[in-house]
2 protein chains.
Amino acid sequence: MEPRLEVLDRAECLALLGTVRVGRLFFTEGALPAVQPVNFRLYQEQVVIRVAGGAKLGAAAAHSVVAFEADDLDPDLRAGWNVTAVGRAERITAVDDLVAVSGMWLRPWVDGRRAHFVRIGLEKVTGRRLHPR
Amino acid sequence: MEPRLEVLDRAECLALLGTVRVGRLFFTEGALPAVQPVNFRLYQEQVVIRVAGGAKLGAAAAHSVVAFEADDLDPDLRAGWNVTAVGRAERITAVDDLVAVSGMWLRPWVDGRRAHFVRIGLEKVTGRRLHPR
């Protein structure tokens, strides 16, 4: 029997995102799709990721539309959930926000260099939960 | 201390993909990025996913370039691995391939309907392993 599929509303999606710390950022790099695992937190109903630089930051700087995904699924896709957010990536530059956001990480510094923080507006959030029958 | 990053070669990436059964497919749906968890197997050095229809199948039919990602990571991104493959998605239609591929699933049928199988050519495979210091 295939699992029953429950469509989650925005509040349920945000609550589930709060239960994990690793997600995946999907973006475009040199006209090709790319994926990178990211450590994230929720802040003001946005996904905030910490990046050390590189393509992710480039995508953020360009205000490009990215997809962010997090999930907790069993190996056969019979139970668990997944949430996808699509939104514009934007580097966080306001001091207030930087202070608040960096405090959410135990180590906001990477190898002595300050990390950058990128927020993704959650304009479109979709989620599903699988219920085993 | 940040984890040490090891870049994996193609053989290592394929070996790791063989240890999990759930991945994530990143594609374009209505000009917007979309992500969907998928059950997958490796077949002839390609990622084969089973789909019940919908956008994923549409992407496959259109021979679009998609990104596929699988990982096994700890919550703080200090240990584990991730592999990303970028390639053209293509619906499997040859009978020989369909028989071989559907046999890799315990239940190749979805609710009495035949599932479709889509293969993703692994033209570009990248992977990283994180080693805690």
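The sequence lines fix the lettering, A, B, ..., with proteins before strands; numbering per chain opens at 1.
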When the 4.5 angstrom heavy-atom criterion is applied to B:D71 and chain A, the contacting part is side chain
Same cluster (ILVMFWY, side-chain, under 4.5 Å), A:F40 and A:L25
yes
Give me the atom names and distance for the closest heavy-atom approach of A:P33 to B:V86.
O-CG2, 3.2 Å
Joint cluster assignment, A:V35 & B:W81, ILVMFWY side-chain distance < 4.5 Å:
no
Using non-hydrogen atoms only, which part of B:D76 is less than 4.5 Å away from chain A: side chain, backbone, both, or neither?
both
Between A:N39 and B:P75, what is the shortest heavy-atom contact and its length?
ND2-O, 3.0 Å
Cluster check A:V65, B:V66: I/L/V/M/F/W/Y, side chain < 4.5 angstrom:
no
Is A:L77 in contact with chain B via its backbone, its side chain, both, or neither, using a 4.5 Å heavy-atom distance?
both
With rounding to the nearest 0.5 Å, note down the distance linking OG1 in B:T84 to CD in A:Q36.
8.0 Å
Could you tell me which non-hydrogen atom of B:F26 sits nearest to which non-hydrogen atom of A:F27, and how far apart they are?
CE2-O, 4.2 Å
Residues in residues 12-24 of chain B near chain A [non-hydrogen atoms, under 4.5 Å]:
B:R21, B:V22, B:R24
Single-linkage hydrophobic cluster, 4.5 Å side-chain cutoff, B:V83 and B:F68 together
yes
Return a table of donor-acceptor pairs under 3.5 angstrom between the side chains of residues 118-132 of chain A and protein atoms on other chains or two or more places apart.
from, atom 1, to, atom 2, distance (Å)
A:R119, NH1, A:D97, OD2, 3.4
A:E123, OE1, A:R88, N, 3.4
A:H131, NE2, A:E6, OE1, 2.7

